[in-house]
Visitor: 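One structure coming up, written as C-alpha coordinates, with questions to follow.
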Amino acid sequence: MPLLTSAYRPTLVQDMLRWSYSLLLTLLIPFAFASLLVKAAIRSKSYNRRRFERFGFIPRAPKAGGILLHCVSVGEVVAATGLIKKIQTLQPDLQITITTTTPTGSDRVKQTFGDSVHHFYLPFDLHMAMAGMLSRVKPSQVLIMEVELWPNLIHACWKKGIPVSVINARMTDRSVKGYQRLNMLAAPMLHKLHQVCTQGQRDYDNYLQLGINPEKLHLTNNIKFDLEIPEKTLLRADTLAQYGLANRRILIAGSTHEPEEAILLDAYKKLKTEFADLLLVLVPRHPHRFDLVAQLCQKQRLTLCRTSAQQPCNAGSDILLADEMGLLARLYAVADIAFVGGSLALRGGHNALEPAALAVPILMGPSQHNNPQICQILKQAGALKNVTDSQHIIMQARNWLTNPSGMQQAGEAGLAVLKANRGAIDATLACLFKLT
(Lines give C-alpha, C1' and ligand atoms only; values in the text may rest on other atoms or scores of the structure.)
Protein backbone atom coordinates (compact mmCIF):
# COMPACT_ATOMS: atom_id res chain seq x y z
CA MET A 1 0.00 0.00 0.00
CA PRO A 2 1.45 3.43 -0.91
CA LEU A 3 2.04 5.73 2.00
CA LEU A 4 -0.43 8.59 2.11
CA THR A 5 1.68 10.86 4.28
CA SER A 6 3.65 12.23 1.34
CA ALA A 7 0.64 13.85 -0.31
CA TYR A 8 0.04 16.55 2.26
CA ARG A 9 1.81 18.33 5.11
CA PRO A 10 -0.11 20.31 7.74
CA THR A 11 1.38 23.58 8.90
CA LEU A 12 2.92 23.98 12.34
CA VAL A 13 -0.04 26.11 13.43
CA GLN A 14 -2.46 23.41 12.30
CA ASP A 15 -0.50 20.75 14.18
CA MET A 16 -0.42 22.90 17.30
CA LEU A 17 -4.20 23.33 17.13
CA ARG A 18 -4.67 19.55 16.90
CA TRP A 19 -2.33 19.11 19.89
CA SER A 20 -4.38 21.68 21.80
CA TYR A 21 -7.54 19.77 20.90
CA SER A 22 -5.88 16.57 22.17
CA LEU A 23 -4.82 18.27 25.40
CA LEU A 24 -8.35 19.48 26.00
CA LEU A 25 -9.70 15.95 25.49
CA THR A 26 -7.08 14.58 27.91
CA LEU A 27 -8.18 17.06 30.58
CA LEU A 28 -11.78 15.96 30.05
CA ILE A 29 -10.99 12.23 30.44
CA PRO A 30 -11.84 12.05 34.20
CA PHE A 31 -15.23 13.59 33.49
CA ALA A 32 -15.76 11.25 30.53
CA PHE A 33 -14.96 8.26 32.74
CA ALA A 34 -17.41 9.45 35.40
CA SER A 35 -20.04 9.99 32.71
CA LEU A 36 -19.52 6.44 31.44
CA LEU A 37 -20.08 5.05 34.93
CA VAL A 38 -23.30 7.04 35.36
CA LYS A 39 -24.62 6.09 31.93
CA ALA A 40 -23.72 2.46 32.47
CA ALA A 41 -25.53 2.38 35.81
CA ILE A 42 -28.64 3.83 34.20
CA ARG A 43 -28.59 2.26 30.75
CA SER A 44 -26.43 -0.81 30.25
CA LYS A 45 -24.44 -3.10 32.53
CA SER A 46 -22.73 -4.64 29.51
CA TYR A 47 -21.54 -1.17 28.49
CA ASN A 48 -20.07 -0.76 31.98
CA ARG A 49 -18.09 -4.00 31.61
CA ARG A 50 -16.66 -2.77 28.31
CA ARG A 51 -16.07 0.87 29.27
CA PHE A 52 -12.28 0.60 28.92
CA GLU A 53 -12.71 0.01 25.19
CA ARG A 54 -13.45 3.75 24.99
CA PHE A 55 -9.88 4.36 26.19
CA GLY A 56 -8.24 2.09 23.62
CA PHE A 57 -8.18 -1.24 25.49
CA ILE A 58 -9.82 -3.15 22.68
CA PRO A 59 -9.77 -6.84 21.71
CA ARG A 60 -7.25 -7.80 19.04
CA ALA A 61 -8.79 -8.65 15.66
CA PRO A 62 -8.88 -12.37 14.76
CA LYS A 63 -6.67 -11.57 11.77
CA ALA A 64 -4.88 -8.50 10.47
CA GLY A 65 -6.00 -6.45 7.51
CA GLY A 66 -9.48 -6.00 6.18
CA ILE A 67 -11.88 -3.15 6.80
CA LEU A 68 -12.64 -1.17 9.93
CA LEU A 69 -16.07 0.48 9.61
CA HIS A 70 -17.21 3.04 12.18
CA CYS A 71 -20.94 3.46 12.79
CA VAL A 72 -22.13 5.83 15.51
CA SER A 73 -25.26 4.02 16.63
CA VAL A 74 -28.09 1.77 15.53
CA GLY A 75 -29.20 4.00 12.64
CA GLU A 76 -25.79 3.86 10.97
CA VAL A 77 -25.52 0.11 11.59
CA VAL A 78 -28.91 -0.44 9.91
CA ALA A 79 -27.90 1.75 6.97
CA ALA A 80 -24.56 -0.05 6.54
CA THR A 81 -25.97 -3.57 6.85
CA GLY A 82 -26.60 -4.11 3.13
CA LEU A 83 -23.12 -2.86 2.25
CA ILE A 84 -21.44 -5.08 4.84
CA LYS A 85 -23.36 -8.17 3.74
CA LYS A 86 -22.44 -7.56 0.12
CA ILE A 87 -18.76 -7.21 1.04
CA GLN A 88 -19.01 -10.48 2.98
CA THR A 89 -20.51 -12.15 -0.09
CA LEU A 90 -17.91 -10.76 -2.50
CA GLN A 91 -14.93 -11.28 -0.18
CA PRO A 92 -15.87 -13.92 2.43
CA ASP A 93 -12.33 -14.13 3.82
CA LEU A 94 -12.01 -10.39 4.42
CA GLN A 95 -11.79 -9.37 8.08
CA ILE A 96 -14.49 -6.81 8.91
CA THR A 97 -14.37 -4.81 12.13
CA ILE A 98 -17.33 -2.63 13.15
CA THR A 99 -17.08 0.04 15.84
CA THR A 100 -19.92 1.93 17.49
CA THR A 101 -20.21 4.43 20.33
CA THR A 102 -23.57 3.41 21.85
CA PRO A 103 -24.92 0.23 23.49
CA THR A 104 -27.89 0.18 21.09
CA GLY A 105 -25.52 0.25 18.15
CA SER A 106 -23.46 -2.54 19.70
CA ASP A 107 -26.55 -4.65 20.28
CA ARG A 108 -27.62 -4.20 16.67
CA VAL A 109 -24.21 -5.33 15.41
CA LYS A 110 -24.47 -8.51 17.49
CA GLN A 111 -28.06 -9.19 16.42
CA THR A 112 -27.32 -8.70 12.74
CA PHE A 113 -23.84 -10.15 12.29
CA GLY A 114 -23.10 -12.32 15.31
CA ASP A 115 -19.52 -13.58 15.24
CA SER A 116 -19.04 -12.93 11.51
CA VAL A 117 -17.54 -9.52 12.32
CA HIS A 118 -15.13 -8.17 14.93
CA HIS A 119 -16.73 -5.48 17.12
CA PHE A 120 -15.82 -3.03 19.89
CA TYR A 121 -16.57 0.52 21.03
CA LEU A 122 -14.56 3.20 19.27
CA PRO A 123 -12.08 4.82 21.67
CA PHE A 124 -12.26 8.48 22.57
CA ASP A 125 -10.37 10.59 20.03
CA LEU A 126 -7.00 10.59 21.78
CA HIS A 127 -4.02 10.02 19.50
CA MET A 128 -2.46 7.27 21.65
CA ALA A 129 -5.79 5.45 21.98
CA MET A 130 -6.48 5.64 18.25
CA ALA A 131 -2.92 4.68 17.26
CA GLY A 132 -2.99 1.74 19.68
CA MET A 133 -6.35 0.62 18.34
CA LEU A 134 -5.06 0.68 14.76
CA SER A 135 -1.96 -1.30 15.81
CA ARG A 136 -4.13 -4.04 17.30
CA VAL A 137 -6.62 -4.22 14.41
CA LYS A 138 -4.21 -3.42 11.52
CA PRO A 139 -6.96 -2.54 9.01
CA SER A 140 -6.08 -2.07 5.34
CA GLN A 141 -8.66 0.71 5.14
CA VAL A 142 -10.99 2.60 7.48
CA LEU A 143 -14.53 3.58 6.57
CA ILE A 144 -16.54 6.21 8.44
CA MET A 145 -20.30 5.96 8.05
CA GLU A 146 -22.06 9.29 7.42
CA VAL A 147 -20.86 11.94 9.86
CA GLU A 148 -18.29 11.25 12.59
CA LEU A 149 -15.01 12.90 11.58
CA TRP A 150 -12.46 12.61 14.40
CA PRO A 151 -9.19 14.55 13.90
CA ASN A 152 -6.91 12.14 15.78
CA LEU A 153 -8.44 9.00 14.24
CA ILE A 154 -7.93 10.41 10.77
CA HIS A 155 -4.43 11.68 11.63
CA ALA A 156 -3.37 8.31 13.09
CA CYS A 157 -4.58 6.55 9.94
CA TRP A 158 -2.76 9.09 7.76
CA LYS A 159 0.49 8.60 9.69
CA LYS A 160 0.22 4.81 9.23
CA GLY A 161 -0.69 5.08 5.54
CA ILE A 162 -4.20 3.68 6.07
CA PRO A 163 -6.72 5.24 3.66
CA VAL A 164 -9.85 6.70 5.29
CA SER A 165 -13.07 6.97 3.30
CA VAL A 166 -16.29 8.59 4.44
CA ILE A 167 -19.21 6.63 2.98
CA ASN A 168 -22.83 7.65 2.68
CA ALA A 169 -21.33 10.97 3.74
CA ARG A 170 -23.66 13.61 5.15
CA MET A 171 -22.70 17.28 5.54
CA THR A 172 -25.50 19.62 6.62
CA ASP A 173 -25.44 23.38 6.10
CA ARG A 174 -25.16 23.77 9.87
CA SER A 175 -22.15 21.45 9.99
CA VAL A 176 -20.43 23.45 7.24
CA LYS A 177 -20.63 26.58 9.39
CA GLY A 178 -19.17 24.69 12.35
CA TYR A 179 -16.24 23.34 10.34
CA GLN A 180 -15.61 26.78 8.85
CA ARG A 181 -15.37 28.25 12.35
CA LEU A 182 -12.76 25.60 13.20
CA ASN A 183 -11.10 25.68 9.80
CA MET A 184 -7.53 25.38 11.13
CA LEU A 185 -8.51 22.05 12.72
CA ALA A 186 -10.96 20.85 10.05
CA ALA A 187 -8.97 21.68 6.89
CA PRO A 188 -6.01 19.34 7.57
CA MET A 189 -8.43 16.60 8.63
CA LEU A 190 -10.27 16.87 5.29
CA HIS A 191 -6.97 16.90 3.37
CA LYS A 192 -5.99 13.61 5.04
CA LEU A 193 -9.14 11.83 3.85
CA HIS A 194 -8.66 9.37 1.00
CA GLN A 195 -12.14 9.86 -0.48
CA VAL A 196 -15.68 10.91 0.36
CA CYS A 197 -18.76 9.17 -1.09
CA THR A 198 -21.70 11.52 -0.53
CA GLN A 199 -25.33 10.55 -0.16
CA GLY A 200 -26.81 13.58 -1.93
CA GLN A 201 -26.10 16.70 -3.94
CA ARG A 202 -26.36 18.92 -0.86
CA ASP A 203 -23.65 16.92 0.87
CA TYR A 204 -21.44 16.90 -2.22
CA ASP A 205 -21.72 20.68 -2.59
CA ASN A 206 -21.06 21.27 1.10
CA TYR A 207 -17.86 19.21 1.05
CA LEU A 208 -16.73 21.22 -1.96
CA GLN A 209 -17.48 24.41 -0.05
CA LEU A 210 -15.20 23.19 2.75
CA GLY A 211 -12.36 22.93 0.23
CA ILE A 212 -11.93 19.18 -0.22
CA ASN A 213 -10.11 18.12 -3.37
CA PRO A 214 -12.83 17.43 -6.01
CA GLU A 215 -10.87 14.37 -7.18
CA LYS A 216 -11.57 12.77 -3.77
CA LEU A 217 -15.30 13.47 -3.93
CA HIS A 218 -17.95 11.12 -5.37
CA LEU A 219 -21.74 11.40 -5.51
CA THR A 220 -22.76 7.79 -4.88
CA ASN A 221 -26.24 8.57 -3.48
CA ASN A 222 -27.85 7.23 -0.32
CA ILE A 223 -27.31 3.57 0.52
CA LYS A 224 -30.41 3.71 2.72
CA PHE A 225 -32.37 3.28 -0.52
CA ASP A 226 -30.70 -0.13 -0.80
CA LEU A 227 -32.42 -1.22 2.40
CA GLU A 228 -33.32 -4.89 2.26
CA ILE A 229 -37.06 -5.17 1.57
CA PRO A 230 -38.51 -7.69 4.04
CA GLU A 231 -41.16 -10.21 3.10
CA LYS A 232 -44.11 -8.35 4.56
CA THR A 233 -46.61 -11.21 4.38
CA LEU A 234 -44.49 -13.51 6.57
CA LEU A 235 -43.57 -10.75 9.04
CA ARG A 236 -47.18 -9.64 9.31
CA ALA A 237 -48.70 -13.05 9.93
CA ASP A 238 -46.24 -13.99 12.67
CA THR A 239 -46.40 -10.61 14.40
CA LEU A 240 -50.19 -10.35 14.36
CA ALA A 241 -50.44 -13.75 16.03
CA GLN A 242 -47.65 -13.20 18.58
CA TYR A 243 -48.94 -9.88 19.89
CA GLY A 244 -52.69 -10.38 19.44
CA LEU A 245 -53.08 -7.63 16.86
CA ALA A 246 -55.56 -9.25 14.46
CA ASN A 247 -58.61 -7.13 13.62
CA ARG A 248 -56.92 -3.96 14.86
CA ARG A 249 -55.94 -0.89 12.88
CA ILE A 250 -52.50 0.17 13.98
CA LEU A 251 -50.76 3.52 14.30
CA ILE A 252 -47.07 2.96 15.08
CA ALA A 253 -44.62 5.53 16.38
CA GLY A 254 -41.09 4.28 15.64
CA SER A 255 -37.78 5.44 17.17
CA THR A 256 -39.44 8.04 19.39
CA HIS A 257 -37.86 10.57 21.75
CA GLU A 258 -39.30 12.80 24.44
CA PRO A 259 -41.84 14.51 24.04
CA GLU A 260 -43.07 12.55 21.02
CA GLU A 261 -44.77 9.80 23.01
CA ALA A 262 -46.88 12.36 24.89
CA ILE A 263 -47.90 14.00 21.61
CA LEU A 264 -48.82 10.63 20.08
CA LEU A 265 -50.80 9.62 23.18
CA ASP A 266 -52.80 12.84 23.00
CA ALA A 267 -53.58 12.23 19.32
CA TYR A 268 -54.43 8.58 19.95
CA LYS A 269 -56.93 9.32 22.72
CA LYS A 270 -58.89 11.58 20.39
CA LEU A 271 -58.65 9.25 17.40
CA LYS A 272 -59.85 6.32 19.53
CA THR A 273 -63.24 8.03 19.98
CA GLU A 274 -63.73 7.78 16.21
CA PHE A 275 -61.89 4.54 15.48
CA ALA A 276 -62.63 2.08 18.26
CA ASP A 277 -60.38 -0.64 16.80
CA LEU A 278 -57.29 1.62 16.68
CA LEU A 279 -54.20 0.53 18.63
CA LEU A 280 -51.06 2.62 19.19
CA VAL A 281 -47.66 0.92 19.05
CA LEU A 282 -44.82 2.85 20.71
CA VAL A 283 -41.20 2.01 19.93
CA PRO A 284 -38.85 4.31 21.93
CA ARG A 285 -35.43 4.85 20.40
CA HIS A 286 -33.45 4.18 23.59
CA PRO A 287 -33.92 1.29 26.05
CA HIS A 288 -33.40 3.42 29.16
CA ARG A 289 -36.69 5.18 28.37
CA PHE A 290 -38.86 2.05 28.19
CA ASP A 291 -40.08 2.30 31.78
CA LEU A 292 -40.55 6.07 31.56
CA VAL A 293 -42.81 5.65 28.53
CA ALA A 294 -44.75 2.87 30.29
CA GLN A 295 -45.35 5.20 33.24
CA LEU A 296 -46.52 7.93 30.87
CA CYS A 297 -49.09 5.57 29.33
CA GLN A 298 -50.32 4.48 32.75
CA LYS A 299 -50.74 8.10 33.89
CA GLN A 300 -53.00 8.60 30.88
CA ARG A 301 -55.06 5.62 32.15
CA LEU A 302 -54.54 3.71 28.94
CA THR A 303 -54.41 -0.07 28.85
CA LEU A 304 -50.81 -1.07 28.21
CA CYS A 305 -49.20 -4.24 26.87
CA ARG A 306 -45.43 -4.71 26.78
CA THR A 307 -43.69 -6.98 24.29
CA SER A 308 -41.32 -8.21 27.01
CA ALA A 309 -44.28 -9.56 29.02
CA GLN A 310 -45.00 -12.08 26.25
CA GLN A 311 -48.72 -11.64 26.76
CA PRO A 312 -50.74 -10.73 23.65
CA CYS A 313 -52.96 -7.67 23.50
CA ASN A 314 -56.73 -8.07 23.60
CA ALA A 315 -59.64 -6.11 22.19
CA GLY A 316 -59.48 -3.65 25.09
CA SER A 317 -55.77 -2.87 24.82
CA ASP A 318 -54.83 0.69 23.88
CA ILE A 319 -51.03 0.60 23.69
CA LEU A 320 -48.40 -1.94 22.73
CA LEU A 321 -45.02 -0.81 24.05
CA ALA A 322 -42.02 -2.38 22.31
CA ASP A 323 -39.63 -2.56 25.25
CA GLU A 324 -37.15 -4.86 23.50
CA MET A 325 -34.64 -4.01 20.81
CA GLY A 326 -34.81 -5.25 17.23
CA LEU A 327 -38.60 -5.33 16.80
CA LEU A 328 -39.16 -2.22 14.69
CA ALA A 329 -39.25 -3.87 11.24
CA ARG A 330 -41.68 -6.55 12.44
CA LEU A 331 -43.98 -3.94 13.95
CA TYR A 332 -43.83 -1.66 10.91
CA ALA A 333 -45.03 -4.68 8.91
CA VAL A 334 -48.37 -4.77 10.77
CA ALA A 335 -48.92 -1.00 10.82
CA ASP A 336 -51.49 0.95 8.84
CA ILE A 337 -49.79 4.30 9.49
CA ALA A 338 -46.26 5.03 10.73
CA PHE A 339 -44.95 8.08 12.56
CA VAL A 340 -41.14 8.28 12.29
CA GLY A 341 -39.57 9.68 15.45
CA GLY A 342 -36.85 12.21 16.03
CA SER A 343 -38.82 14.59 13.83
CA LEU A 344 -41.03 16.36 16.38
CA ALA A 345 -38.27 16.09 18.98
CA LEU A 346 -35.87 18.10 16.78
CA ARG A 347 -33.40 15.23 16.38
CA GLY A 348 -33.25 15.45 12.58
CA GLY A 349 -35.65 12.58 11.95
CA HIS A 350 -34.88 8.87 11.73
CA ASN A 351 -35.05 6.67 8.64
CA ALA A 352 -38.40 7.02 6.85
CA LEU A 353 -37.40 4.32 4.38
CA GLU A 354 -37.90 1.60 7.00
CA PRO A 355 -41.71 1.92 6.90
CA ALA A 356 -41.58 2.74 3.17
CA ALA A 357 -39.92 -0.65 2.56
CA LEU A 358 -43.06 -2.24 4.01
CA ALA A 359 -45.48 -0.02 2.03
CA VAL A 360 -46.66 1.88 5.12
CA PRO A 361 -47.65 5.58 4.72
CA ILE A 362 -45.56 7.94 6.82
CA LEU A 363 -46.03 10.91 9.14
CA MET A 364 -43.05 13.03 10.20
CA GLY A 365 -42.47 16.25 12.09
CA PRO A 366 -40.56 19.19 10.61
CA SER A 367 -37.11 18.11 11.86
CA GLN A 368 -35.81 16.14 8.87
CA HIS A 369 -32.26 17.39 8.35
CA ASN A 370 -30.67 13.95 8.82
CA ASN A 371 -32.24 12.70 5.59
CA PRO A 372 -33.63 15.72 3.70
CA GLN A 373 -33.39 14.17 0.23
CA ILE A 374 -35.18 10.99 1.29
CA CYS A 375 -37.97 12.92 2.99
CA GLN A 376 -38.39 15.28 0.05
CA ILE A 377 -38.68 12.44 -2.48
CA LEU A 378 -41.17 10.57 -0.29
CA LYS A 379 -43.16 13.76 0.18
CA GLN A 380 -43.29 14.46 -3.54
CA ALA A 381 -44.50 10.90 -4.16
CA GLY A 382 -47.32 11.32 -1.63
CA ALA A 383 -45.88 8.70 0.72
CA LEU A 384 -44.99 11.14 3.53
CA LYS A 385 -47.03 13.88 5.17
CA ASN A 386 -45.63 16.55 7.46
CA VAL A 387 -47.20 17.07 10.88
CA THR A 388 -46.35 19.66 13.53
CA ASP A 389 -48.44 18.63 16.55
CA SER A 390 -51.07 16.19 17.79
CA GLN A 391 -53.85 18.01 15.93
CA HIS A 392 -52.04 17.56 12.61
CA ILE A 393 -51.49 13.87 13.41
CA ILE A 394 -55.20 13.46 14.11
CA MET A 395 -56.18 15.21 10.88
CA GLN A 396 -53.87 13.21 8.61
CA ALA A 397 -54.48 9.89 10.35
CA ARG A 398 -58.21 10.48 10.03
CA ASN A 399 -57.83 11.20 6.31
CA TRP A 400 -56.06 7.90 5.74
CA LEU A 401 -58.18 5.78 8.10
CA THR A 402 -61.39 6.94 6.39
CA ASN A 403 -59.88 6.40 2.93
CA PRO A 404 -58.26 2.94 2.88
CA SER A 405 -57.52 3.06 -0.85
CA GLY A 406 -55.73 6.40 -0.45
CA MET A 407 -53.78 5.00 2.50
CA GLN A 408 -52.74 1.97 0.45
CA GLN A 409 -51.76 4.18 -2.47
CA ALA A 410 -49.53 6.31 -0.20
CA GLY A 411 -47.82 3.20 1.17
CA GLU A 412 -47.20 1.75 -2.27
CA ALA A 413 -45.78 5.10 -3.41
CA GLY A 414 -43.15 4.89 -0.67
CA LEU A 415 -42.12 1.38 -1.70
CA ALA A 416 -41.89 2.54 -5.33
CA VAL A 417 -39.55 5.37 -4.29
CA LEU A 418 -37.30 2.89 -2.51
CA LYS A 419 -37.11 0.60 -5.52
CA ALA A 420 -36.51 3.43 -8.00
CA ASN A 421 -33.49 4.85 -6.15
CA ARG A 422 -31.47 1.73 -5.44
CA GLY A 423 -27.87 1.25 -6.54
CA ALA A 424 -25.81 3.29 -4.06
CA ILE A 425 -24.18 0.20 -2.55
CA ASP A 426 -22.71 -0.84 -5.90
CA ALA A 427 -21.52 2.74 -6.55
CA THR A 428 -19.87 2.86 -3.13
CA LEU A 429 -18.18 -0.51 -3.60
CA ALA A 430 -16.86 0.66 -6.96
CA CYS A 431 -15.12 3.54 -5.17
CA LEU A 432 -13.79 1.45 -2.30
CA PHE A 433 -12.43 -1.42 -4.34
CA LYS A 434 -12.00 0.32 -7.72
CA LEU A 435 -14.45 -2.04 -9.35
CA THR A 436 -15.37 -1.51 -13.00
Side-chain angles (χ1 to χ4, degrees), residues 1-26 53-56 58 65-72 76 80 97-101 120-172 175-176 178-199 203 206-218 428 431-432:
M1 179 191 304
L3 285 177
L4 304 176
T5 52
S6 60
Y8 170 73
R9 286 289 184 273
T11 67
L12 178 61
V13 173
Q14 290 171 333
D15 269 339
M16 288 180 66
L17 188 58
R18 186 178 58 80
W19 296 334
S20 299
Y21 159 81
S22 300
L23 176 61
L24 178 61
L25 282 185
T26 302
E53 292 179 11
R54 301 304 310 275
F55 300 92
I58 57 99
I67 291 172
L68 187 151
L69 171 61
H70 176 56
C71 300
V72 182
E76 291 77 14
T97 298
I98 303 175
T99 63
T100 63
T101 57
F120 54 86
Y121 289 111
L122 186 75
F124 291 117
D125 193 37
L126 300 169
H127 180 76
M128 289 184 63
M130 289 302 188
M133 178 266 291
L134 293 172
S135 295
R136 291 182 71 81
V137 178
K138 294 183 171 60
S140 57
Q141 62 175 308
V142 170
L143 311 181
I144 298 172
M145 187 70 180
E146 294 197 4
V147 292
E148 282 213 346
L149 303 180
W150 293 110
N152 280 325
L153 170 61
I154 293 170
H155 178 76
C157 290
W158 177 74
K159 290 290 286 184
K160 290 177 177 289
I162 302 170
V164 179
S165 300
V166 188
I167 60 172
N168 215 45
R170 180 158 52 91
M171 181 62 67
T172 66
S175 295
V176 168
Y179 283 120
Q180 287 174 333
R181 283 194 295 269
L182 297 171
N183 184 58
M184 292 295 286
L185 182 63
M189 178 177 67
L190 294 175
H191 275 295
K192 293 168 188 173
L193 292 174
H194 180 58
Q195 61 185 341
V196 177
C197 301
T198 63
Q199 61 176 249
D203 313 288
N206 283 343
Y207 266 101
L208 277 180
Q209 186 177 341
L210 288 172
I212 195 167
N213 185 342
E215 294 181 359
K216 296 182 176 183
L217 199 56
H218 313 279
T428 302
C431 290
L432 298 180

Visitor: Going from CD1 on Ile154 to CG on Leu193, what distance comes out if it is rounded to the nearest 0.5 angstrom?
Guide: 4.5 Å
Visitor: Going from CE on Met133 to CD1 on Ile58, what distance comes out if it is rounded to the nearest 0.5 angstrom?
Guide: 7.0 Å
Visitor: Kindly compute the distance separating CG (Leu190) from CD1 (Ile212), expressed to the nearest 0.5 Å.
Guide: 5.5 Å
Visitor: Is the closest side-chain heavy-atom distance between Thr198 and Asn206 below 4.5 Å?
Guide: no
Visitor: Side chains of Asn168 and Thr428 only: does a donor on one sit below 3.5 Å from an acceptor on the other?
Guide: no
Visitor: Are Thr99 and Tyr121 side-chain neighbours, meaning at least one heavy-atom pair lies under 4.5 Å?
Guide: no
Visitor: Residues in side-chain hydrogen bond (donor to acceptor under 3.5 Å, both in side chains) with Gln199, at least two apart?
Guide: Asn222
Visitor: His218: what forms a ring-ring contact (aromatic ring centres under 6.0 Å, His included) with it, not counting sequence neighbours?
Guide: none
Visitor: Can Val196 and Asp203 be said to form a side chain to side chain contact (heavy atoms under 4.5 Å, CB included), step by step?
Guide: CA-CA 10 Å; Val196 177; Asp203 313 288; over 6 Å; no
Visitor: Considering non-hydrogen atoms only, spot the tightest contact between Ala129 and Phe55 and give its length.
Guide: CB-O, 3.8 Å
Visitor: Which heavy-atom pair separates Ser140 from Pro163 by the least distance, and what is that distance?
Guide: O-CD, 3.4 Å
Visitor: Partners of His70 by ring-ring contact (aromatic ring centres under 6.0 Å, His included), sequence neighbours excluded?
Guide: none
Visitor: With sequence neighbours excluded, tell me which residues meet salt bridge (Lys or Arg N to Asp or Glu O under 4.0 Å) with Glu146.
Guide: Arg170, Lys224
Visitor: Taking side chain as C-beta onward, heavy atoms only, is His191 less than 4.5 Å from Trp158?
Guide: no
Visitor: Main chain of Cys157, side chain of Lys160: is a donor-acceptor contact present, judged purely on distance under 3.5 Å?
Guide: no
Visitor: Could you give the distance from CD1 (Ile98) to SG (Cys71), rounded to the nearest 0.5 Å?
Guide: 6.0 Å
Visitor: Looking at residues at least two apart in the chain, or sitting in another chain, which of them share a side-chain hydrogen bond (donor to acceptor under 3.5 Å, both in side chains) with Thr172?
Guide: Ser175
Visitor: Which heavy atom of Cys431 sits nearest a heavy atom of Gln195, and at what distance?
Guide: O-NE2, 3.2 Å
Visitor: Report the relative orientation of the aromatic rings in His127 and His155; use parallel for angles under 30°, tilted for 30 to 60°, perpendicular for over 60°.
Guide: tilted
Visitor: Give, for atom CG of Leu23 and atom CG of Leu126, the distance between the pair rounded to the nearest 0.5 Å.
Guide: 10.5 Å
Visitor: Are a donor atom and an acceptor atom from the side chains of Asp125 and Tyr21 found within less than 3.5 Å of each other?
Guide: yes
Visitor: Evaluate the side-chain proximity of Ser165 to Leu432: yes if any heavy-atom separation is below 4.5 Å, no if none is.
Guide: yes
Visitor: Under a 4.5 Å cut-off applied to non-hydrogen side-chain atoms, are Met189 and Arg18 in contact?
Guide: no
Visitor: Tell me, do Pro139 and Ile67 make a side-chain contact under 4.5 Å, heavy atoms counted?
Guide: no
Visitor: CG/Leu122 to OG1/Thr97 distance, rounded to the nearest 0.5 angstrom?
Guide: 11.5 Å
Visitor: Counting only heavy atoms not in Met128, do more than 12 fall under 6.0 Å of its CE?
Guide: no
Visitor: Taking the side chain as every heavy atom from C-beta outward, state whether Leu68 and Ile162 have any atom pair closer than 4.5 Å.
Guide: no
Visitor: Testing the basics here: between Tyr179 and Met171, what is the closest heavy-atom pair and its distance to 0.1 Å?
Guide: CE1-CE, 3.4 Å
Visitor: Residues two or more places apart in sequence or in another chain: which of them pass ring-ring contact (aromatic ring centres under 6.0 Å, His included) with Phe120?
Guide: His118
